[in-house]
Amino acid sequence: MSQVVFITGATSGFGRACAHRFAEAGWSLVLTGRRQERLEDLKTQLGSRVPVHVAALDVRDDSAVKAVVEALPGDFRPITALINNAGLALAPEPAQRAALEEWHTMIDTNITGLVNVTHALLPSLMERGEGASIINLGSVAGQWPYPGSHVYGASKAFVQQFSYNLRCDLQGTGVRVTDVAPGLSESEFTLVRNRGDQAAYDKLYGDTTPLQPEDIAEQIFHVATLPAHVNINRLEIMPTRQAWSPFAVDRD
Ligand SMILES: NC(=O)c1ccc[n+]([C@@H]2O[C@H](COP(=O)([O-])OP(=O)(O)OC[C@H]3O[C@@H](n4cnc5c(N)ncnc54)[C@H](OP(=O)(O)O)[C@@H]3O)[C@@H](O)[C@H]2O)c1
């Protein structure tokens, strides 16, 4: 049986790097994201090496998620690894100035979208059983508070707890669950968060050494290919040059 990875948000950043990493190891790829053109580009790049199935998908749309899963060609099931990676941060300003609509978009994508995909693929992962993995992209923001993180960090705290709770229910099925929680990583994520502001991107990543999408993809590949009896519950990864802040004290 071939090894099949299903990646959400494969059109950029960690998801795209995972597509390349798993292709390198000969896995079959199911690549999803909203930008069809980028999916087609990936299929052109990787399709001569491994079987690639692409499907334009907005994870917020529950029926579209179900339709994509039901339409998976036989060669691409059962799924060995689900990488629940599609996600975004918006509203970099403090909570009291954030737009409610942007909070809703983060909840709809990072929570509802992740739940939609997980629910639709659980039967396939259970069919694979031993050695299967659900790898959810959390964040250091799910554990550590910082200004401007409000709903984004809270959505990633959901990802962490949902991952742990899934572990409990899936015990005995062979399906593993991991919350991968990266710190500062260079990707389009920061352009999305700052509404395309290149100066904000350059400031965040300038004069330091952030993680690259390939660093995260390597860890995700490691998690997915551990011996079947090994489950990493949570993997938090920071660049060496990142650490925590001291407590903030408001003074006169
Ligand atoms: N970069 C960081 O510093 C960092 C740190 C910790 C955690 N993370 C998390 O890691 C994940 C990937 O981030 P990244 O850095 O790789 O960001 P990225 O380069 O902006 O990639 C995000 C991906 O999510 C997809 N996406 C967004 N909304 C979607 C939707 N409604 N439906 C389907 N796909 C959607 C995007 O594809 P389309 O636009 O084509 O749909 C894109 O492929 C996210 O969950 C993010 O929260 C990032």
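Atoms within each ligand, like the ligands themselves, are counted from 1 in listed order.
- Interface atoms of ligand 1 facing S12, defined by a heavy-atom separation under 4.0 Å, are 18 (P), 19 (O), 21 (O), 42 (C), 43 (O).
- Checked by atom type, the side-chain pair S163/D179 shows no donor-acceptor distance below 3.5 Å.
- Between G9 and ligand 1, at least one N/O pair is under 3.5 Å apart.
- In this structure, the protein non-hydrogen atom closest to atom 16 (O) of ligand 1 is F14 N, 2.8 Å.
- Looking at R21 and E214, no side-chain N of the basic residue comes within less than 4.0 Å of a carboxylate O on the acidic one, giving no salt bridge.
- Ring-centre distance between F189 and Y201: not below the 6.0 Å cut-off.
- For atom 7 (C) of ligand 1, the choice among P239, G142, G138 with the nearest heavy atom turns out to be G138.
- The shortest N/O to N/O separation between F189 and ligand 1 falls below 3.5 Å.
- Aromatic ring orientation, W144 versus W244: perpendicular (interplanar angle above 60°, classes split at 30° and 60°).
- The shortest separation from a heavy atom of D58 to ligand 1 is under 4.0 Å, placing the residue in contact.
- The single protein non-hydrogen atom nearest to atom 5 (C) of ligand 1 is G183 O, 3.5 Å, given as residue, atom name and distance.
- With hydrogens and angles left out, the side-chain atoms of N84 and T118 include a donor and acceptor closer than 3.5 Å.
- The closest approach between any non-hydrogen atom of R16 and ligand 1 is not below 4.0 Å.
- At a 4.0 Å heavy-atom cut-off, ligand 1 does not touch E186 at all.
- Comparing heavy-atom distances from atom 22 (C) of ligand 1 across G87, A181, S155, G113 singles out G87 as nearest.
- Against a heavy-atom cut-off of under 4.0 Å, E188 is close to the following atoms of ligand 1: 19 (O), 20 (O).
- The nearest heavy-atom contact from the protein to atom 11 (C) of ligand 1 is N85 O, 3.1 Å.
- With respect to atom 35 (C) of ligand 1, the closest heavy atom belonging to the protein is A86 CB, 3.6 Å.
- Salt bridge status for R35 with E188: present, with a side-chain N to carboxylate O gap under 4.0 Å.
- Note on ligand 1: P210 sits outside its first shell, no heavy atom being nearer than 4.0 Å.
- Only the side chain of T109 comes within 4.0 Å of ligand 1, counting heavy atoms alone; its backbone N, CA, C and O stay farther away.
- Nearest non-hydrogen protein atom to atom 47 (O) of ligand 1 is Y152 OH, 2.7 Å.
- Under 4.0 angstrom from ligand 1, the non-hydrogen atoms of L57 all belong to its backbone.
- Within ligand 1, the atoms closer than 4.0 Å to a non-hydrogen atom of G13 are 16 (O), 19 (O), numbered from 1 in the order shown.
- Looking at atom 15 (O) of ligand 1, its nearest protein heavy atom turns out to be S187 OG, 2.6 Å.
- In terms of polar-atom proximity, Y205 is not counted as a contact of ligand 1, lacking any N or O under 3.5 Å from an N or O of the ligand.
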Test salt bridge (charged side-chain N to carboxylate O under 4.0 Å, His left out) applied to R38 and E40, step by step: CA-CA 5 Å; R38 290 199 181 193; E40 295 302 337; over 6 Å; no

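- Counting protein heavy atoms only, atom 36 (C) of ligand 1 is closest to T11 OG1, 3.8 Å.
- If you check the side chains of R128 and T80, you find a donor sitting under 3.5 Å from an acceptor.
- Inspection of the S245 and Y146 side chains reveals no N or O donor paired with an N or O acceptor under 3.5 Å.
- We find that R195 and E93 are joined by a salt bridge, their nearest charged nitrogen and carboxylate oxygen being less than 4.0 Å apart.
- Taking the six-membered ring where the residue is Trp, F76 and H53 present tilted rings, their angle falling between 30° and 60°.
- Each of R167, R176, Q160 was checked for a side-chain hydrogen bond (donor to acceptor under 3.5 Å, both in side chains) with N233, and the lone residue meeting it is R167.
- If you check the side chains of Q198 and D202, you find a donor sitting under 3.5 Å from an acceptor.
- Looking at R34, R38, M238, it is R34 that brings a heavy atom closest to atom 39 (O) of ligand 1.
- Considering only non-hydrogen protein atoms, atom 32 (N) of ligand 1 sits nearest to V59 N, 3.0 Å.
- Remark: side-chain polar atoms of D215 are not paired, donor with acceptor, to backbone N or O of L211 under 3.5 angstrom.
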